[in-house]
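Values reported hereafter were calculated over all heavy atoms of this structure, with side chains retained and with hydrogens, waters and symmetry mates removed. Numbering of ligands and ligand atoms starts at 1, following listing order. All figures in this text were calculated on a predicted structure; none of them were measured in a lab.
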Amino acid sequence: MPPLLRGSYRRVVLALARRVVLGAGPRWSAGGSSCARDSPLGAEELRGELDRFGGVSVRLGRLDALDRLDPVAFQRALQAAVQKWRSEGRVAVWLHIPILQSRFIAPAASLGFCFHHTESDSSMLSLWLGDGPSRLPGYATHQVGVAGAVFDENTRKILVVQDRNKLKNMWKFPGGLSEPGEDIGDTAVREVFEETGIKSEFRSLLSIRQQHTHPGAFGKSDMYIICRLKPYSFTINFCQRECLKCEWMNLSDLVKTKNTTPITSRVARLLLYGYKEGFDKIDLTMEELPAVYTGLFYKLYHKKLPDNYKTMTGMD
Ligand SMILES: NC(=O)C1=CN([C@@H]2O[C@H](COP(=O)(O)OP(=O)(O)OC[C@H]3O[C@@H](n4cnc5c(N)ncnc54)[C@H](O)[C@@H]3O)[C@@H](O)[C@H]2O)C=CC1
Ligand SMILES: [Mg+2]
């Protein structure tokens with residue numbers, strides 16, 4: 001027996017290998033005694049929860065003994081567990097590993113596990129056990145950036161910035177990346193305030209750009225959304241760290257200038273059209289609706305739907 005599999009480790013490993021179970025299982029005990037020596041780590045078995053697709057989810061952070069379990073012992077236990085889950089017809093295994101237990105990543109990888117995703121304090125590995133190629137869904141594919149086109153209808157001026165740290169200095173709308181759980185409109189309002197000092201409120205969504213293998217998105221795709229915002233403060237106090245310049249520019253000048261990005265120019269023209277013909281021509285408005293399955297709420301963006309169409313039941 002390898003030296004690593006001595007004493008309490010040995011008991012842990014044997015228990016893991018023998019009795020990997022799903023659901024609530026008995027605690028480890030090497031000899032039936034409940035004294036501290038026989039169950040020295042007070043640990044539970046490597047066990048998983050069954051998900052609705054027939055996969056098993058194991059959270060290593062819940063296993064008390066893990067701090068004193070070495071990678072070799074873990075690999076054996078996991079191998080035995082995978083064998084058992086396979087024989088039970090489980091389709092996949094999800095392995096959640098806290099960052100401080102990262103020494104278990106390599107042993108899991110040697111059994112075929114791959115990274116599914118990582119968070120700041122943990123990683124999630126997965127192993128497909130079902131027939132054919134994996135049907136597990138991938139993780140995040142896009143980052144979401146949001147800009148605010150803050151248009152003052154009274155003066156026909158629009159708020160524009162030039163970013164610092166850019167190879168070319170071009171006029172654009174202030175904006176930045178959405179934070180986890182943040183509504184699109186809230187990102188626009190927050191970023192505009194952080195970058196320019198201007199306070200504003202969300203009016204509508206104007207455009208969505210999708211760009212793949214975006215250099216600023218760590219190789220992922222970029223979703224860049226521009227919102228129409230209405231200002232309610234007008235004194236610029238721009239962030240020197242992020243911006244080189246910031247000003248209220250005549251919308252017609254932004255439409256004309258060459259010193260801007262194609263998307264900014266296009267949205268400036270869209271705003272001009274909306275200003276002249278009515279913003280309902282260009283606005284995707286937002287409404288909050290209840291989600292059927294989760295009981296949560298979501299934001300839905302679309303062209304304005306007349307109230308009678310919201311409740312109509314037939315074609316007449
Ligand atoms: N076509 C356009 O007009 C432009 C569109 N965008 C879009 O805007 C969104 C991102 O907005 P941003 O204003 O760039 O983000 P942001 O406003 O959230 O953050 C920009 C700041 O983050 C920091 N930062 C970013 N990457 C960094 C790194 N690797 N190391 C250290 N600091 C770093 C810098 O301080 C930088 O000034 C994306 O969706 C992008 O596609 C951005 C620029 C131009
Ligand atoms: Mg920015």
Side-chain angles (χ1 to χ4, degrees), residues 117-120 138-152 157-231 233 235-274 282 284 286 299 301:
H117 63 269
T118 59
E119 296 288 350
S120 57
Y139 193 53
T141 55
H142 290 67
Q143 70 171 15
V144 176
V146 187
V150 190
F151 182 56
D152 180 6
K157 284 181 188 284
I158 180 106
L159 186 65
V160 285
V161 296
Q162 289 188 7
D163 273 349
R164 208 174 268 284
N165 308 318
K166 285 272 159 36
L167 297 175
K168 285 185 187 164
N169 295 321
M170 296 190 143
W171 292 113
K172 60 177 276 275
F173 303 121
L177 296 178
S178 233
E179 288 172 0
E182 187 174 47
D183 282 343
I184 291 166
D186 292 343
T187 305
V189 166
R190 174 181 58 73
E191 283 286 341
V192 164
F193 181 70
E194 286 174 6
E195 294 187 1
T196 69
I198 297 297
K199 293 179 183 161
S200 62
E201 58 189 31
F202 175 80
R203 275 287 174 271
S204 72
L205 201 149
L206 294 174
S207 71
I208 301 173
R209 179 190 75 175
Q210 186 189 31
Q211 190 177 32
H212 299 298
T213 54
H214 191 268
F218 303 98
K220 294 288 174 192
S221 303
D222 180 77
M223 201 74 100
Y224 178 54
I225 299 171
I226 301 180
C227 300
R228 184 168 73 84
L229 305 182
K230 183 179 177 181
S233 83
T235 308
I236 290 173
N237 177 19
F238 73 91
C239 171
Q240 308 281 337
R241 191 169 34 80
E242 289 201 44
C243 306
L244 212 54
K245 293 181 187 172
C246 175
E247 61 181 61
W248 287 106
M249 185 183 279
N250 285 325
L251 179 59
S252 53
D253 289 341
L254 185 61
V255 165
K256 275 183 267 171
T257 185
K258 295 218 172 340
N259 190 21
T260 190
T261 62
I263 188 171
T264 307
S265 183
R266 176 63 59 89
V267 170
R269 286 154 206 269
L270 200 61
L271 277 169
L272 193 63
Y273 173 54
I282 63 168
L284 296 183
M286 183 273 286
K299 306 281 179 346
Y301 301 84

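Of all atoms in ligand 1, numbered sequentially from 1 with element shown, those under 4.0 Å from a heavy atom of His214 are 41 (O).
Of all the heavy atoms of Thr261, the ones lying under 4.0 Å from any atom of ligand 1 belong exclusively to the side chain. Counting heavy atoms under 4.0 Å from ligand 1, residue Gln211 does not touch it at all. Of all the heavy atoms of Thr264, the ones lying under 4.0 Å from any atom of ligand 1 belong exclusively to the side chain.
No side-chain donor-acceptor contact under 3.5 Å links Arg203 to the backbone of Cys227.
Taking 4.0 Å as the cut-off, Met170 does not count as a neighbour of ligand 1 on heavy-atom distance. Taking 4.0 Å as the cut-off, Gly216 does not count as a neighbour of ligand 1 on heavy-atom distance. Between Arg164 and ligand 1 there is no heavy-atom distance shorter than 4.0 Å. For the ligand labelled ligand 1, residue Glu194 lies outside the 4.0 Å heavy-atom shell. Ligand 1 lies less than 4.0 angstrom from a heavy atom belonging to Arg209.
A parallel orientation is assigned to the rings of Tyr139 and His117, their planes being inclined by less than 30° (bins at 30° and 60°).
The single protein non-hydrogen atom nearest to atom 18 (O) of ligand 1 is Leu177 N, 3.0 Å, given as residue, atom name and distance. In terms of protein heavy-atom proximity, atom 21 (C) of ligand 1 is closest to Glu242 OE1, 3.9 Å. Looking only at heavy atoms of the protein, atom 35 (O) of ligand 1 is closest to Arg241 NH1, 4.2 Å. Closest to atom 1 (N) of ligand 1 among all protein heavy atoms lies Ile263 CG2, 3.3 Å.
Checking Asp222, Val161, Val144 against atom 39 (O) of ligand 1, the nearest heavy atom belongs to Asp222. Distances from atom 5 (C) of ligand 1 to the heavy atoms of Trp171, Phe173, Phe218, Tyr224 show the closest one on Tyr224.
Between Trp171 and Thr264 the shortest side-chain heavy-atom distance does not fall below 4.5 Å. Counting only heavy atoms from C-beta outward, the side chains of Lys172 and Val161 approach each other to under 4.5 Å. Residues Ser233 and Ile198 have side chains in contact (heavy-atom distance under 4.5 Å, counting atoms from C-beta outward).
Of all the N, O or S atoms in Glu195, the one closest to the Mg ion (ligand 2) is OE2.
Taking 2.8 Å as the criterion, Val161 does not count as a coordinating residue of the Mg ion (ligand 2), since none of its N, O or S atoms falls below it. Among the backbone and side-chain atoms of Glu242, no N/O/S atom is found under 2.8 Å from the Mg ion (ligand 2).
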